[in-house]
Amino acid sequence: MKHVLRNTFAALAVAASTTVLAQQGPVKIIGLMELSGTGATAGTNFDNGVKLAVKEINAAGGILGRKVDYQSWDTQTAPQTAKALAQKAVDEGAYVVMGPVFSGSIIVSMAETKRAEIPNFTGGEAANITQQGNPYIFRTSFTQSTAMPKIARYIKNDVKAKTVSVIWVNNDFGKGGRDAIVKALEAEGIKVAADISTDPGQVDFSGPVLKAKQSNADALFVYTNEEESARALRELKKQGYNKPIVGETTLTGQKVIELAGDAANGAVAHVGLTADAPDPGIKAFAEKFQKEYGYKPDHNGLKGYTAMYVVKAVTEKVGKFDPKAFADAMHGVKLTAKQYPGVLMDVSFDNNGDLDRESFMTKVENGKQVVVAVLPALGGSK
């Protein structure tokens, strides 16, 4: 009898220790990333930013004493693939899901994370992502409806343009941006002289550029993905376009500068995050990223890195791994770079999951992105 009891107690002890290990084991975070397809540049940067943060966090002891087990899965820039992978992330018990970056994919995939009540960070900028009442979605960048009024004011006050042509990409990202910039320009009394749609992955920009030239507008606003933005800039240079070229985030990104060469010089864009910001924390991040991956990060690298540190900071505020409590705590949270250096800049989140912080106007000069102005946060967080 004693022998049986001893075995029973031993079995219970093993079971209990296994349960404790499970509770104290690695915390699973899954990235749904565009590692191939038209979003590969954005997705790879975001993914590498997350990975760098995870490496640092684990080296410093993890989150609440638990290491982070981060896995990234390729959505192939396909919304239905992203949706299927989101369901897989739910099935595997993810604590937080990172991505997708592209608006068209996150709009489809976030239905799965919402249903499972799993917090989901996205790089997508389409305004409608956070307008659907999903309490589990959080941005790593400005929404288009926040960024575009800043750009419209710049076009009016600095460029002094009264008419603008708009070249945009016909997908969720592009349509949202096009609608937001047209509304913002009209609010500033600026007329849209030409409304020019292009296809995702478009190679030949001779037609769109010709339309922009023929409109004779005072300036051009370009809102397309990385590769297409570079092609547009090259074609603008080829056709001798000499009016101001303005964009939002992508247009002056590192990948676009590399692909467009000297055709990128002179382009101006509003950027929520940039590795060229005059900020010691961001400069240190850029150096670490370059050393780790052998290339300079773009804004997506910063988004992934800071999002992971937001996860760490808010989880530690909550004091436990509870996805629902985490999501609740995210709404209205304010994090300072002084208290949480990994977030790099003071940041706050509203009840929709939209963020607010300082941002930058940048210009490409001699093949480099240069910050020409720092714009304050809209709601007063510095």
Side-chain angles (χ1 to χ4, degrees), residues 22-33 46-47 49-51 53-54 56-58 60-73 85-101 106 109-124 129-141 143 302-337 339-357 381:
Q23 289 169 350
Q24 297 304 317
V27 60
K28 187 170 285 188
I29 293 179
I30 290 174
L32 310 181
M33 299 293 168
F46 195 105
D47 186 45
V50 175
K51 286 194 288 193
V54 167
E56 293 174 1
I57 288 166
N58 283 343
I63 302 174
L64 297 177
R66 290 174 65 180
K67 295 292 177 77
V68 176
D69 172 17
Y70 176 68
Q71 301 170 24
S72 51
W73 302 338
L85 291 176
Q87 182 56 60
K88 186 183 174 194
V90 169
D91 293 343
E92 295 206 6
Y95 169 58
V96 170
V97 169
M98 295 285 185
V101 178
I106 185 65
S109 68
M110 73 180 188
E112 303 302 326
T113 49
K114 179 188 176 185
R115 192 177 298 124
E117 301 183 330
I118 295 173
N120 196 165
F121 286 77
T122 180
I129 294 169
T130 48
Q131 291 171 355
Q132 298 180 31
N134 180 352
Y136 294 93
I137 193 74
F138 305 100
R139 288 193 196 273
T140 57
S141 63
T143 170
L302 277 152
K303 288 177 189 176
Y305 183 86
T306 54
M308 191 59 232
Y309 271 104
V310 168
V311 171
K312 180 179 189 291
V314 175
T315 301
E316 288 172 351
K317 273 179 173 284
V318 172
K320 59 183 176 179
F321 291 93
D322 181 332
K324 201 167 188 309
F326 176 93
D328 289 343
M330 279 292 299
H331 296 123
V333 75
K334 291 180 179 170
L335 303 171
T336 66
Q339 191 174 2
Y340 304 100
V343 302
L344 299 180
M345 297 165 66
D346 293 2
V347 62
S348 63
F349 287 83
D350 69 11
N351 287 331
N352 293 325
D354 288 321
L355 59 72
D356 189 15
R357 60 184 164 208
S381 76

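FYI, the numbering just counts along the sequence from 1. Fair warning: this is a prediction, and the values are worked out from it, not measured in the lab. Heavy atoms only: backbone and side chains are in, while hydrogens, waters and symmetry mates are out.
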Least distance between heavy atoms, K320 atom then Y95 atom: O-OH, 4.2 Å
Are the side chain of R357 and the backbone of D346 linked by a donor-acceptor contact shorter than 3.5 Å? no
So how far is it from M330 CE to L335 CG, rounded to the nearest 0.5 Å? 7.5 Å
Treating R139 as the side-chain partner and G353 as the backbone partner, does any N or O pair qualify as donor plus acceptor under 3.5 Å? no
Give, for atom CZ of F321 and atom OG1 of T315, the distance between the pair rounded to the nearest 0.5 Å. 6.0 Å
Would you find a donor on one side and an acceptor on the other, under 3.5 Å apart, between the side chain of D69 and the backbone of K28? no
May I ask you to test the I106-I137 pair for a side-chain heavy-atom distance under 4.5 Å? yes
Non-hydrogen side-chain atoms of Y340 and K312 separated by less than 4.5 Å: no
Where is the tightest heavy-atom contact between K114 and P135, given as atom of each residue plus distance? CE-CD, 4.3 Å
With the side chain counted from C-beta on, respond yes when K51 and V54 share a heavy-atom pair under 4.5 Å apart, and no when they do not. no
Looking only at heavy atoms, the pair that brings M308 and A53 closest together is CB-CB, 3.6 Å
For V68 against N58, the heavy-atom pair lying closest together: N-OD1, 2.7 Å
Rounded to the nearest 0.5 Å, how far does OG1 of T122 lie from CD1 of I129? 5.0 Å
What is the ring orientation for F121 with F349, classed by angle as parallel under 30°, tilted 30 to 60°, or perpendicular over 60°? perpendicular
Inter-residue atom distance M98.CE - N120.CG, 0.5 Å rounding: 9.0 Å
Just wondering, do D47 and Y70 contact through their side chains at under 4.5 Å, heavy atoms? yes
Nearest 0.5 Å, what's the CD-CG distance between E92 and L85? 10.0 Å
Heavy-atom closest pair (S109 atom, A86 atom, distance to 0.1 Å) is O-CB, 3.6 Å
At what distance, to the nearest 0.5 angstrom, does CZ of F46 lie from OG of S72? 11.5 Å
Minimum-distance pair of heavy atoms, taken over all atoms of F138 and H331: CE2-NE2, 3.6 Å
So, do F326 and V311 sit near enough that their side-chain heavy atoms are less than 4.5 Å apart? yes
Is there a donor in the side chain of T143 and an acceptor in the side chain of D354, or the other way round, less than 3.5 Å apart? no
